[in-house]
Amino acid sequence: MMSGVTFLLILLSIICKFLVSYIKEIRTGDPNESNLTYWMFSYDFRSNNKEWLPEDKELLKRKRKRNALIFILYINIFLIFLTFNSLIAHLLDIIVNIKKFSYPI
């Protein structure tokens, strides 16, 4: 059971690393996005314009795709958190239930 949890933790970590690098690579055309703000949704950025202007449909489509990837990244990080907690629980269970070594007299 513990090997399955360890494998799942490694797999989720690899997926997380891939998602982060992919999100950093793609660009929607929004001037506010950078490598430091890759984890932010597109609607987290403040607009510099006082007046609201509708955005291009292609830009909106790219932003929606990027927002979906960021949402998947957040879910992945939450799953890593749960899996890591499960791994720690397994380790603590092994530590608590270990048979104490006794020296033969």
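Numbering of residues begins at 1 and proceeds along the displayed sequence.
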With rounding to the nearest 0.5 Å, note down the distance linking [atom1] in [X] to [atom2] in [Y].
X   : Y   : atom1 : atom2 : result
Y22 : I26 : OH    : CD1   : 5.0 Å
K65 : I23 : NZ    : CD1   : 11.0 Å
N76 : L69 : CG    : CG    : 11.5 Å
L11 : F7  : CG    : CZ    : 5.0 Å
L8  : I15 : CG    : CD1   : 8.5 Å
K57 : R62 : NZ    : CZ    : 14.0 Å

Check whether [X] and [Y] end up in the same hydrophobic cluster, where Ile, Leu, Val, Met, Phe, Trp and Tyr are linked by side-chain heavy atoms less than 4.5 Å apart.
X   : Y   : answer
I94 : V96 : no
V5  : I88 : yes
I14 : F84 : no
I80 : I75 : yes

Report yes or no: does S13 contribute a side-chain atom to a donor-acceptor pair with the main-chain N or O of L9 at less than 3.5 Å?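 Yes: the side chain of S13 pairs with the backbone of L9.
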Would you say H90 and T6 make side-chain contact, with heavy atoms under 4.5 Å? no
Given side chains that start at C-beta, do those of L91 and M2 come closer than 4.5 Å, heavy atoms only? yes
Would L12 and I77 satisfy side-chain contact (heavy atoms from CB on, under 4.5 Å), going step by step from the backbone distance to the final call? CA-CA 8 Å; L12 288 171; I77 290 171; over 6 Å; no
Shortest non-hydrogen separation from L73 to C16 and the atoms involved: CD1-SG, 3.8 Å
